[in-house]
Colleague: 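Below is the structure I would like to discuss, written out as structure tokens.
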Amino acid sequence: MRGWARGRLGLVAAVFLLLIVVAMAVAPWIFTPLDPLATDTSQVLRPPGWGHPFGTDQTGRDVFTRVVYGASYSLGVGVGATAAALVVGIVVGTLAGLAPRVIDGVAMRGVEILLAFPEFLIALFAIAVLGPGPVNVATAVGVAALPAYIRVARAETLVVRRAGYVEAARGLGVHPLRVAVAHIVPNTLRPLGVIATIGIGTTIVAAAGLSFLGLGPQDPTPEWGLLLSGGRNLLGQAWWVAFFPGVLITLTVVSATVVGRRLRRAGEGRRS
Amino acid sequence: MFSRPGSFRIAGSLALVVSAALVLAGCSASAGTGEKVEGGTISFGVDVDPVGHLDVHSSQLDINAILQRPVFDSLVSQKADGTIVPWLAKSWQVSDDQLQYTFTLRDDVTFSDGEKFDAAAVKANFDHIVDPATESAQASSLIGGAYYAGTEVIDPTTVRVSFSQPYAPFLANAASVQLGFYSPKVLAEHASELKAGGPGISVGSGPFILSKYTPGSELVYTKNPNYNWAPEGATNQGPASIDELDVKILPESSVRTSALTSGQVDVIGDTAPSSLSQIGDGFTVTSTESPGVPYSLYLNVTRPVFSDVAVRKAFAGGFDLDAAVKAVFNDSYQRAYSILGPTTPDSYDAALEKSASFDVDAANDALDAAGWSERDSDGYRTKNGERLSARWISYTPVNEDNANLANLIQDGLKKIGFEVVHDQLEPGAYLDAYLAGDYDLTDWGFLSADADVLRSHLGTGGYQNASHLSDPEIDATLASAVATTDGSKRAELYTKLQQWNAKNAVIVPLYVPEYILASSKKVGGIEVDIHGWPLFSGAYVTK
């Protein structure tokens with residue numbers, strides 16, 4: 001009973017935090033009246049306190065405001081990259097699952113080669129080809145996440161295509177494309193939705209990592225990875241510049257993972 | 001060939017609360033607390049690996065000049081106060097027309113590969129510098145550029161360098177490591193490998209021998225046991241005291257600081273001013289204001305936005321530089337008033353310190369008068385529907401201090417309705433934009449011990465003339481200054497140039513960088529040159 005309560009509390013906290021982060025991304029002005037780019041040379045490196053709950057950075061900008069405005073970049077890249085990977089993954093995975101064995105085999109060997117590399121390495125490679133920039137970071141992170149979605153979409157397709165209703169639709173002479181769109185894809189979505197929820201957390205970390213390395217949005221954009229990087233040499237004298245963006249990244253990713261796992265467990269329960 | 005010398009060292013960052021005495025003294029030997037012992041190793045942490053730029057004759061990286069000084073000797077030596085003393089040349093004579101410098105060389109000098117240093121070696125090296133295949137911009141400019149007429153061997157210990165017109169900076173430049181000497185055998189056999197460098201290739205006659213190079217990680221130098229030809233007046237005239245000098249590449253400034261404080265390295269260079277509070281009292285800190293062109297913005301006068309001098313002046317006076325420099329550097333670096341640093345010999349015009357001022361009203365009035373009087377929805381000024389906007393390109397990586405300064409400048413100018421778009425570009429993309437002239441402004445500082453550095457920055461076609469300035473009167477002033485050896489006459493001409501720039505705002509000087517060297521008290525005898533760079537020939541470790 002206590003374990004259940006603790007788990008439920010964690011879930012509630014995670015959902016609450018994600019809602020706050022989403023609100024920050026959508027309507028940052030609710031949280032702070034300040035401009036994330038406005039400098040103030042009379043307020044340099046102030047520690048957290050009234051007026052500046054997270055302190056100020058080297059140019060007197062409010063760290064809290066920058067973290068709030070940073071949510072839209074980080075969440076935007078996380079959600080955008082995951083959504084793109086999901087859509088492409090479904091299309092490629094479903095086609096591979098329905099395709100003749102030879103084509104399926106070739107496609108899957110290709111995916112396995114990609115899976116053999118760490119996701120971050122693939123993202124770095126994609127950045128090396130595309131060049132730095134916020135859109136390219138989202139693309140790179142999406143490309144890196146893609147192989148997992150293709151695998152799952154294909155595996156689900158292989159299961160669903162043998163289902164009675166699919167056989168029935170085929171037997172009735174429904175066009176194969178319509179069978180795929182109307183009967184197969186919708187029934188592969190649930191497990192994909194679960195891994196996508198967990199995936200958002202992973203892509204946020206990957207995107208922040210690329211930005212930390214200077215490959216994403218550029219200064220003075222308030223992106224979390226960039227904020228973290230900007231404070232890394234100040235830890236000895238002004239810990240708050242790097243600390244708060246770091247905490248936000250960690251909490252967001254942990255929350256996304258907690259929610260995703262809960263969804264997975266719920267999904268597994270229903271299926272059995 | 002193009003590369004960005006100043007930017008790399010400026011990239012380090014700079015200054016903090018360092019005792020004024022150290023700053024003024026310029027040259028100061030660090031003193032160990034314990035008793036000196038022979039032998040041992042000193043490790044030195046630096047920020048940049050000069051990988052691919054190890055050739056002293058073609059590299060423009062300041063870090064390369066620092067790291068090659070232990071290996072390469074020059075004809076003469078420049079002391080920290082700017083005076084020139086004999087080194088590999090025992091003496092020299094300048095002809096009455098100042099077109100010929102005749103050097104009498106020491107006859108007891110050998111390169112570490114056993115080759116003898118003589119007049120032919122001097123000629124081989126100077127010929128190599130001006131050889132187009134070397135692709136040298138900085139060294140070939142230091143040796144005189146178009147004024148350099150050639151080097152001839154008179155006898156094995158006498159060599160004559162000639163110029164087509166008087167070239168005053170030559171002696172000071174001859175002291176630089178860029179005009180240092182390779183073993184002639186290396187020049188003959190490994191000319192194509194000099195940029196890659198390494199043991200057996202970076203071979204000179206200096207007090208140390210480069211014995212190991214691991215790119216991205218370390219350079220190891222061993223003592224040259226035969227060394228006996230130090231510059232006149234050097235404390236240590238013989239071989240180095242230490243057996244080995246280990247240079248560690250530590251790009252992160254916070255990592256360098258903690259490597260020093262934890263005892264992993266004995267000395268660090270390009271120390272971040274913000275880290276000095278962490279370093280504390282147990283260490284020796286030397287901070288030296290850099291001579292040459294301060295860290296500055298170069299406004300491209302060929303572009304529509306900056307072709308109007310009124311707009312340039314409004315730009316320069318439209319943001320609060322005093323407050324910005326103070327916010328970023330916390331009083332450790334001084335803001336710059338002139339296009340020459342105060343320590344540049346025979347040139348600095350201190351009168352400009354009174355004239356420069358931040359004036360929002362004047363800037364606003366000037367922009368209104370120049371026709372930029374309408375405002376768009378974002379609050380930026382417009383003229384004929386076009387926004388008042390300037391594209392600033394920077395070479396990456398941009399160090400944090402400079403990035404913060406840029407933010408303050410951008411934000412300050414936004415308040416007078418002047419948009420600055422700051423594009424921080426990868427080296428390749430930067431070069432493309434730079435060479436195409438596709439920018440309104442760019443930034444760097446350029447270290448130089450001679451005011452003649454202005455010729456490359458303001459002279460028509462100069463290799464650092466990012467402003468694309470072409471003004472016959474400026475060219476004439478630069479030409480007469482470089483031909484003048486009389487110190488006060490030179491100062492007069494350079495004062496004229498500095499005042500001209502203050503009136504025309506072609507270059508906007510921001511701050512005077514300093515080179516900060518911090519060392520453990522376990523080592524001593526490290527002297528610094530006019531740039532503040534460390535010299536290890538007299539360095540020792542203590543018990």
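The analysis underlying the following values was restricted to heavy atoms, covering all of them including side chains, and did not include hydrogens, waters or symmetry mates. Numbered from 1 within each chain, the chains take letters A, B, ... in sequence-line order.
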Colleague: Taking atom OG1 of B:T396 and atom CD of A:Q218, what is their separation to the nearest 0.5 Å?
Modeller: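 Reported value, rounded in 0.5 Å steps: 7.5 Å.
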Colleague: Can you tell me which portion of B:K414 sits under 4.5 Å from chain A's heavy atoms? Options are side chain, backbone, both or neither.
Modeller: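 Just its side chain gets close to chain A.
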Colleague: Tell me, yes or no, whether the heavy-atom count around B:D378 atom CG, taken from other residues, nucleotides or ligands under 6.0 Å, exceeds 12.
Modeller: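 More than 12 heavy atoms, drawn from other residues, nucleotides or ligands, come within 6.0 Å of this atom.
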Colleague: Give a yes or no on this: more than 12 heavy atoms of other residues, nucleotides or ligands lie within 6.0 Å of atom NZ of B:K326.
Modeller: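 Open: at most 12 neighbouring heavy atoms sit under 6.0 Å from NZ of B:K326.
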Colleague: As an exercise, state the distance from CG of A:N233 to CG of B:D401, rounded to the nearest 0.5 Å.
Modeller: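 It is 9.0 Å, given to the nearest 0.5 Å.
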Colleague: Which bit of A:D35 is near chain B, if near means a heavy-atom gap under 4.5 Å: side chain, backbone, both or neither?
Modeller: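 Only the side chain of A:D35 comes within 4.5 Å of chain B.
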Colleague: Answer whether the closest heavy-atom distance between the side chains of B:N407 and A:R61 falls below 4.5 Å.
Modeller: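 They are in contact (side-chain heavy atoms under 4.5 Å apart), so the answer is yes.
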Colleague: Which distance, rounded to the nearest 0.5 Å, do you find between the CG of A:D57 and the CG of B:N404?
Modeller: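 Between atom CG of A:D57 and atom CG of B:N404 there are 6.5 Å.
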Colleague: For the residue pair A:T41 and B:A323, what are the closest heavy atoms and their distance?
Modeller: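 Looking at all heavy atoms of both residues, the shortest contact is OG1-CB, 3.6 Å.
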Colleague: Apply side chain to side chain contact (heavy atoms under 4.5 Å, CB included) to A:R232 and B:E252, showing your working.
Modeller: CA-CA 9 Å; A:R232 74 189 189 282; B:E252 289 284 308; 2.6 Å; yes
Colleague: Quick one: does any side-chain atom of B:D411 pair with a main-chain N or O of A:T39 as donor and acceptor, under 3.5 Å?
Modeller: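 Yes: the side chain of B:D411 pairs with the backbone of A:T39.
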Colleague: So which part of B:D320 gets closer than 4.5 Å to some heavy atom of chain A, the side chain, the backbone, both or neither?
Modeller: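 Neither part.
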Colleague: With distance as the sole criterion, is a donor-acceptor pair present between the side chains of A:D219 and B:Q424 under 3.5 Å?
Modeller: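 B:Q424 and A:D219 do not have a side-chain donor-acceptor pair below 3.5 Å.
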